[in-house]
*Asks:* 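Before I ask anything, let me first share the structure, which is written out below as C-alpha cells.
Below, read A as the first sequence line, B as the second, and so on, with proteins coming before strands; counting in each chain starts at 1.
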Amino acid sequence: MGARHEQGTTTNMPTFNQQVHALVREVPTGRVITYGVIAGLLGDPRKAREVGWALHRCPPDVPAHRVVNHRGELSGRRAFGHPWHQQRRLEEEGIEFTAEGVCDLDRYLWRPEAARPATDV
DNA sequence: TCCGTGACACAAG
DNA sequence: CCTTGTGCCACGG
C-alpha cells in the first residue's frame, strides 16, 4: 500500500499547518504565544519558521494576531495589512504594550494546560 | 529538480 | 542590553 500518505484523504495525520492552527486556536483572549513554543510543542522548536508560514495560510478561525515572537514583539509586518491594527487588537483584549510594541511574555505568554507547571501567575 | 525567500530561534561577541 | 551570523523546514517559480 502507499507508504507515503501525506495530507491525503485517508490519513488522519494532520499536517504541521493544521497542528499550528489547532494550537493557536486554543489560545484564549488576553493571552499570547510564541512561534518557538508552538513549534516546540509540535516536536521541533526549529520549525518556528514553519509556524510563521502556517499562520500565513491560517483560516479566519485562527487568531494569528495572538502569535508573537519569543521577544514578545509582533512581526511588525504587513501580515494583516496594518500592523498597528493588529497591535491595537491585542490591546483591546487586555494586553498592554510598550512604546516599542513589546508585551511582557512573563505575564501574557500562554501555555497549554497539559504542559503548564503548577506555578501560576 | 534546484534556488530563493521567509509572520523565527539561538549562540557568540 | 544589542548586533551579527548560522540553522532548520516548507513553499513557490
*Asks:* Distance check needed: B/dG6 C1' versus A/Asn17 CG, whole Å only.
*Replies:*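 Going from CG in A/Asn17 over to C1' in B/dG6 covers 15 Å.
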*Asks:* Specify the separation, in whole Å, of atom CZ of A/Arg46 and atom C1' of B/dA11.
*Replies:*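 Interatomic distance, CZ of A/Arg46 to C1' of B/dA11: 13 Å.
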*Asks:* Figure out the CD/C1' separation between A/Gln19 and C/dC9, and round it to whole Å.
*Replies:*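 Those two atoms, CD and C1', are 14 Å apart.
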*Asks:* Measure from the side-chain N and O atoms of A/Gln87 to the backbone N and O of A/Gly101, and report whether any donor-acceptor pair falls under 3.5 Å.
*Replies:*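 Checked: pair present.
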*Asks:* Whole-Å distance between B/dG6 P and A/Tyr35 OH?
*Replies:*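 After rounding, the reported distance stands at 15 Å.
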*Asks:* Take atom P in C/dT6 and the same atom in B/dG4, then report the distance between them in whole Å.
*Replies:*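 Each nucleotide's P atom is 16 Å from the other's.
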*Asks:* When rounded to the nearest Å, what value does the distance between P atoms of C/dC1 and B/dA9 take?
*Replies:*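 Straight-line distance between the two P atoms is 16 Å.
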*Asks:* Please report the closest heavy-atom contact between A/Trp110 and A/Leu23, naming both atoms and the distance.
*Replies:*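 Smallest heavy-atom distance, with atoms named: CZ3-O, 4.3 Å.
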*Asks:* Without decimals, in angstroms, what is the distance between A/Glu73 CD and C/dC1 C1'?
*Replies:*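 From A/Glu73 CD to C/dC1 C1': 14 Å.
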*Asks:* From CD of A/Glu100 over to C1' of C/dC1, roughly how many Å is that when rounded to an integer?
*Replies:*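 That distance rounds to 12 Å.
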*Asks:* A/Thr34 and side chain to side chain contact (heavy atoms under 4.5 Å, CB included): which partner among A/Leu105, A/Asn69, A/Val67?
*Replies:*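 The residue from A/Leu105, A/Asn69, A/Val67 that satisfies side chain to side chain contact (heavy atoms under 4.5 Å, CB included) with A/Thr34 turns out to be A/Leu105.
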*Asks:* Can you tell me the distance, in whole Å, between the CZ atom of A/Phe16 and the P atom of C/dC11?
*Replies:*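 Between P of C/dC11 and CZ of A/Phe16: 11 Å.
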*Asks:* When you match A/Arg71 and A/Asp44 each to their closest nucleotide on DNA chain C, which lands nearer the 5' end?
*Replies:*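 The residue whose closest nucleotide sits nearer the 5' end is A/Arg71.
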*Asks:* Is the CZ atom of A/Arg25 crowded by more than 12 outside heavy atoms at less than 6.0 Å?
*Replies:*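 It does: A/Arg25 CZ has more than 12 such atoms within range.
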*Asks:* A/His56 NE2 to B/dA7 C1': how many Å, rounded?
*Replies:*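 After rounding, the reported distance stands at 8 Å.
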*Asks:* Picking from C/dC9, B/dA9, C/dC2, which would you name as closest to the side chain of A/Thr34?
*Replies:*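 Output: B/dA9.
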*Asks:* With a 4.0 Å limit, can you tell me whether A/Arg57 has a side-chain N or O closer than that to the phosphate oxygens OP1/OP2 of B/dG6?
*Replies:*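 Result: no.
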*Asks:* Has the side chain of A/His70 got a donor or acceptor that lies under 3.5 Å from a partner of the other kind on the base of B/dA9?
*Replies:*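 Under the 3.5 Å cut-off, the side chain and the base do not form any donor-acceptor pair.
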*Asks:* So if I take every side-chain heavy atom of A/Glu50 and compare against C/dC2, B/dA7, C/dC8, which nucleotide ends up nearest?
*Replies:*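 The answer is C/dC8, which lies nearest to the side chain.
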*Asks:* Starting from A/Trp53, can I reach A/Val51 by hopping between I/L/V/M/F/W/Y residues whose side chains sit under 4.5 Å apart?
*Replies:*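 In one cluster with A/Val51: A/Trp53, no.
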*Asks:* Among B/dG6, C/dC2, B/dA7, which nucleotide has an atom closest to any side-chain atom of A/Trp53?
*Replies:*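 Of the candidates, B/dG6 comes closest.
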